[in-house]
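Data first, discussion second: the structure below is written as structure tokens.
Because only heavy atoms are used, hydrogens play no part in the values below, and waters and symmetry mates are left out as well, while side chains stay in. Computed from a predicted model, the values in this text were never measured in an experiment. All chains are named by letter (A, B, ...) in the order of the sequence lines, taking the proteins before the strands, and each is independently numbered beginning at 1.
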There are 2 protein chains.
Amino acid sequence: MYQPLHQFKAEFFKALGHPLRLVILEQLVTGEKSVTDLQAALGVDQSSVSQQLAILRTRNIVDTRKDGTTVFYRLRDPLIAELLELARSIFNNHLIDTQAMLQQLATTDT
Amino acid sequence: MYQPLHQFKAEFFKALGHPLRLVILEQLVTGEKSVTDLQAALGVDQSSVSQQLAILRTRNIVDTRKDGTTVFYRLRDPLIAELLELARSIFNNHLIDTQAMLQQLATTDT
DNA sequence: ATCAAATATATAAATATTCATATATTTGAG
DNA sequence: CTCAAATATATGAATATTTATATATTTGAT
């Protein structure tokens, strides 16, 4: 239906298009983390974290390393951190301009 | 349910997560285009283009300029072009590693 | 005022995603 | 071999997105 490459790129962005997955990736920007680490840091249950990690794995956005019974996740490519940082710049520049959004930003960290 | 900022960022990436919307954005990287321009360049019907443009507008990813009866669309922020370019680098680096994908790339342009 | 061109919106069926809950799997310790 | 810890997967109902088709709206020309 569409060119496979565009389909593929779309899948990549779709994988980033989820709040919990974004938070997970932000955690991974600072280095590899186990599922338990993420679960604790984000305050969500194990199953939800694993579910979203599975999606990031499928899309080749994260990589895993297994040590005993714990699995460590990391960004597959440091450029993904850059991408997230660039996205942050875009938000800061232009995209957030409704009053409601500004208000949210005033009380929330980036 | 989630922090509004993360929700907002997710919406941004979700908006990029669609093949036709990506192709539209790639067109806009080279400068502003009317709906008719896009329609012709992409070979899709008017309604589909407008529908997808509406989504990009809603998410503040594109901006419009009206001249008579034609509407010109452009990227809202040049950083969006950078983001797409960075995404391309990521694909070229790592993300495309299945045999099927390499095969597709060999016969398709980026 | 009417018409045609350009663009936008409405609708709804098909499809995909989300999210909570339950259950499996894998691994090392004892 | 059994158990518990850590992680993954299955399931399905609720919700959201996609996509095709039809219809509106807006604008400038005549």
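In this structure, the CZ atom of Arg65(A) is 15 Å from the P atom of dT27(C), given to the nearest Å. Distance Leu16(A) CG to dT17(C) P: 14 Å, rounded to the nearest Å. Distance, Ile55(A) CD1 to dT7(D) P: 18 Å, rounded to whole Å. Atom C1' of nucleotide dT21(C) and atom CD of Gln51(A) are separated by 10 Å, given to the nearest angstrom. In this structure, the NE2 atom of His18(A) is 18 Å from the P atom of dA16(C), given to the nearest Å. Rounded to an integer number of Å, the gap from Glu11(A) CD to dT17(C) P is 7 Å. Computed from coordinates, the Leu53(A) CG to dT18(C) P distance equals 14 Å when rounded to whole Å. If you measure from atom CD of Gln7(B) to atom C1' of dT15(D), you get 13 Å, rounded to the nearest angstrom.
Counting only heavy atoms from C-beta on, Ser34(A) has its side chain closest to dT7(D) among dT19(D), dT7(D), dT11(D).
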Scan nucleotides 26-30 of chain D against the protein and return all N/O pairs shorter than 3.5 Å with their distances rounded to 0.1 Å.
| unit_1 | atom_1 | unit_2 | atom_2 | d |
| --- | --- | --- | --- | --- |
| dT26(D) | O3' | Lys66(B) | NZ | 3.4 |

Audit row: Leu16(B), Leu83(B), side chain to side chain contact (heavy atoms under 4.5 Å, CB included) steps and yes/no: CA-CA 11 Å; Leu16(B) 300 183; Leu83(B) 189 90; 3.6 Å; yes
Verdict with supporting geometry, Ile55(A) and Arg59(A), side chain to side chain contact (heavy atoms under 4.5 Å, CB included): CA-CA 6 Å; Ile55(A) 291 172; Arg59(A) 308 309 207 283; 3.6 Å; yes
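Contacts between residues 35-50 of chain A and DNA chain D, defined by a heavy-atom separation below 4.0 Å, involve Val35(A), Thr36(A), Gln46(A), Ser47(A), Ser50(A), listed by number.
OP1 or OP2 of dC19(C) has at least one side-chain nitrogen or oxygen of Tyr2(B) nearer than 4.0 Å. Regarding contacts with the backbone of dT9(C), a side-chain N or O of Arg57(B) is found under 4.0 angstrom from either OP1 or OP2.
A donor-acceptor pair is defined here as one N or O able to donate and one able to accept, closer than 3.5 Å; no such pair exists between the side chain of Arg21(A) and the backbone of Ala10(B). In this structure, the side chain of Thr30(A) engages the main chain of Gln27(A) through a donor-acceptor pair within 3.5 Å.
Not a single salt bridge (Lys or Arg N to Asp or Glu O under 4.0 Å) links Arg57(A) to another residue, sequence neighbours left out.
The heavy-atom pair separating Ala15(A) from Leu56(A) by the smallest distance is O-CD2, 4.0 Å. A pairwise comparison of heavy atoms in Pro19(B) and Gln7(A) identifies CG-OE1, 3.4 Å as the closest pair. Nearest approach of Gln39(A) to Asp45(A), heavy atoms of both residues: CG-C, 4.2 Å.
Classification of the Phe12(A)-Phe91(B) ring pair by plane angle, with boundaries at 30° and 60°, yields perpendicular.
Within the nucleic acid shown, Tyr73(B) comes within 4.0 Å of sugar-phosphate atoms alone, with no base atom in reach, counting heavy atoms only.
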